[in-house]
Amino acid sequence: MKLKIDQLLEETQCFQASTMDELEQFRVKMLGKKGELNDLFEAFKTVANEEKREIGQKLNVLKNAVQEKIDVIKNSLETTETVSENTDLTRPVNDFVSGSRHPIALVRKEILDIFSRMGYVVAEGPEIEDDWHNFTALNFPPEHPARDMQDTFFVEKNGVNDIALRTHTSSVQVRVMEIQKPPIRAVFPGRVYRNEAISVRSHVFFHQVEGLYIDKNVSFADLRETLLYFAKEMFGEETKIRLRPSFFPFTEPSAEMDISCNLCGGTGCPFCKHTGWVEILGCGMVDPNVLENCGIDSNVYSGFAFGMGIERMTNLKYTVKDLRLFSENDLRFLSQFS
């Protein structure tokens, strides 16, 4: 019996199978009801008592060896069959195509990074606003055209506490000034909505970044130097700026800022309409009425505010001439910013 066990153990160790059928035949031969191991265990009952310990150990070694051999070969054959059935090994490898950040997101991040280096924090607010935060607190008179249905998407219009999609992120400035004491130094990115015709130059929604600095003895010179630093960081060290008088209800004095055309260097081209200058933002000193509306003493504090359209900045940076491309999700356009 010992010799038989040794022979079967050697046969098991040398056994190889190239198909599941061959493996199954081996399993039945060894472990089936009429298999070799079953016969050996039947014969084990007649073994003398003094030999049972040794032969029993040999039988267990043989049984474990057979089961281990079957498991190893089965796993190997299953892996091979899976590859051969589901994988075409002659097929060329597909290149991995990575996604890209949206150009608006890229420029937004760059703008915020520049102002964060100057100590500005980021604040955000709701896109659906009431009349107070969107208009009244910002010194918009009742007859101002921005309140008209042609410019504003009203959610609820009852003449007392109108609810509308915000037309600028200046509403977030009001919310911050209402709850925070000066000094305040923050930028306000977000999406805004205006009831305009969709065209190459305009859309019903776009993105803004506005900024606010409130403290004691803040001057127009501080505003100019802040915007000059931003322009040079954004468009290059050679960039020049100019400020032109303008009017906004929430700032006084107000100005619009131009930069020297980054395409022609200020010499004149079709992009800048041969003027050498391109408008990028509006700015000014915060009107004292706005400070008072928000609970800030205008006799003690002063400040400046500015606002720019991110689409406009993206146009300048990447020479994108059609605003509609930013919202059409055309992969041929977006893949250029990988």
Side-chain angles (χ1 to χ4, degrees), residues 111-123 135-141 144 146 167-178 180-189 208-262 266 272 275-310 312-313 316:
I111 294 172
L112 297 183
D113 286 347
I114 293 172
F115 283 105
S116 69
R117 296 197 292 270
M118 290 190 278
Y120 285 76
V121 298
V122 176
F135 295 123
T136 303
L138 292 166
N139 210 32
F140 281 82
H144 196 280
T167 56
H168 43 204
T169 55
S170 303
S171 58
V172 191
Q173 296 186 34
V174 176
R175 291 184 175 273
V176 169
M177 286 189 285
E178 286 178 334
Q180 182 177 334
K181 295 181 179 180
I184 299 171
R185 192 183 305 218
V187 285
F188 314 94
Q208 280 188 335
V209 173
E210 298 193 14
L212 176 70
Y213 178 38
I214 304 291
D215 204 348
K216 296 178 180 179
N217 301 317
V218 177
S219 68
F220 200 92
D222 298 321
L223 169 62
R224 184 188 182 281
E225 291 305 308
T226 297
L227 297 181
L228 177 61
Y229 174 82
F230 165 74
K232 288 180 177 291
E233 289 291 300
M234 190 74 182
F235 297 104
E237 188 61 32
E238 301 302 318
T239 303
K240 299 177 181 178
I241 69 170
R242 72 175 183 182
L243 296 170
R244 295 178 286 103
S246 187
F247 170 77
F248 304 109
F250 38 86
T251 55
E252 178 60 38
S254 303
E256 291 180 347
M257 189 181 93
D258 304 331
I259 62 168
S260 53
C261 181
N262 59 320
C272 63
T275 64
W277 298 94
V278 179
E279 178 190 338
I280 66 167
L281 58 82
C283 59
M285 301 301 294
V286 179
D287 192 293
N289 290 336
V290 175
L291 295 176
E292 297 292 341
N293 288 339
C294 298
I296 296 176
D297 190 345
S298 61
N299 294 316
V300 178
Y301 296 101
S302 59
F304 61 73
F306 54 86
M308 66 192 79
I310 301 180
R312 178 64 167 166
M313 306 298 286
L316 293 171

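Counting from 1, the numbers follow the sequence of the chain as shown.
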Start with the C-alpha gap between Ile259 and Lys240, add the side-chain angles, then the distance that decides, and say whether side-chain contact (heavy atoms from CB on, under 4.5 Å) holds. CA-CA 6 Å; Ile259 62 168; Lys240 299 177 181 178; over 6 Å; no
By the definition side chain to side chain contact (heavy atoms under 4.5 Å, CB included), identify the one residue from Val286, Val290, Thr251 that meets it with Asn139. Val290
Side-chain contact test, heavy atoms from C-beta onward, threshold under 4.5 Å: evaluate it for Phe304 versus Cys283 and give yes or no. no
Report the distance from atom OH of Tyr120 to atom CD1 of Ile111, rounding to the nearest 0.5 Å. 14.0 Å
Rounded to the nearest 0.5 Å, the CZ atom of Phe248 sits from the OG atom of Ser170 at a distance of 10.0 Å
Side-chain donor-acceptor pairs under 3.5 Å in residues 227-237, sequence neighbours left out?
{"unit_1": "Lys232", "atom_1": "NZ", "unit_2": "Glu237", "atom_2": "O", "d": "2.8"}
{"unit_1": "Lys232", "atom_1": "NZ", "unit_2": "Thr239", "atom_2": "O", "d": "3.4"}
{"unit_1": "Glu233", "atom_1": "OE1", "unit_2": "Arg117", "atom_2": "NH2", "d": "2.8"}

Any chance CG of Asn217 has more than 12 other-residue heavy atoms, nucleotides or ligands included, within less than 6.0 Å? no
Taking every heavy atom of Pro288 against every heavy atom of Ser298, the minimum-distance pair comes out as CB-CB, 3.8 Å
Rounded to the nearest 0.5 Å, what separation is found between the CG atom of Asp215 and the CG atom of Asp222? 9.5 Å
Side chains of Ile214 and Pro183, heavy atoms from C-beta outward: is any pair under 4.5 Å? no
N/O donor-acceptor pair under 3.5 Å between Glu210 side chain and Val187 backbone: no
Show your working on salt bridge (Lys or Arg N to Asp or Glu O under 4.0 Å) between Arg244 and Glu279 and close with a plain yes or no. CA-CA 10 Å; Arg244 295 178 286 103; Glu279 178 190 338; 3.7 Å; yes
Is it true that a side-chain atom of Gln208 and a backbone atom of Thr169 form a donor plus acceptor pair closer than 3.5 Å? yes
Is Pro253 close to Met285 at the side-chain level, that is, under 4.5 Å between some pair of heavy atoms? yes
For the residue pair Ser116 and Asp113, confirm or rule out a side-chain donor-acceptor distance under 3.5 Å. no
Which atom of Ala305 lies closest to which atom of Leu212, heavy atoms considered: CB-CD1, 4.2 Å
Non-hydrogen atoms of Asp287 and Pro249 that approach each other most closely: OD2-O, 4.0 Å
Under a 4.5 Å cut-off applied to non-hydrogen side-chain atoms, are Glu256 and Leu281 in contact? no
When Met177, Glu178, Gln180 are each screened for side chain to side chain contact (heavy atoms under 4.5 Å, CB included) with Ile296, the one that passes is Met177
Apply side-chain contact (heavy atoms from CB on, under 4.5 Å) to residues Arg242 and Met257 and explain how you reach the verdict. CA-CA 6 Å; Arg242 72 175 183 182; Met257 189 181 93; over 6 Å; no
Grab the two heavy atoms, one from Glu292 and one from Asn299, that are nearest each other, plus how far apart they are. OE2-N, 4.5 Å
Is the closest side-chain heavy-atom distance between Leu291 and Asp297 below 4.5 Å? no
Ignoring hydrogens and angles, tell me if any N or O in the side chain of Ser302 forms a donor-acceptor pair with the backbone of Val218 under 3.5 Å. yes
Just how far is it from atom SG of Cys261 to atom CG of Leu316, taken to the nearest 0.5 Å? 8.0 Å
Nearest 0.5 Å, please: how far is SG in Cys294 from CG in Asn289? 11.0 Å
Return the minimal non-hydrogen interatomic distance between Val174 and Ala137, and the atom names on each side. CG1-CB, 3.8 Å
Mind checking whether Phe115 and Phe306 have ring centres under 6.0 Å apart? yes
Give, for atom OG of Ser260 and atom CG of Asp258, the distance between the pair rounded to the nearest 0.5 Å. 10.0 Å
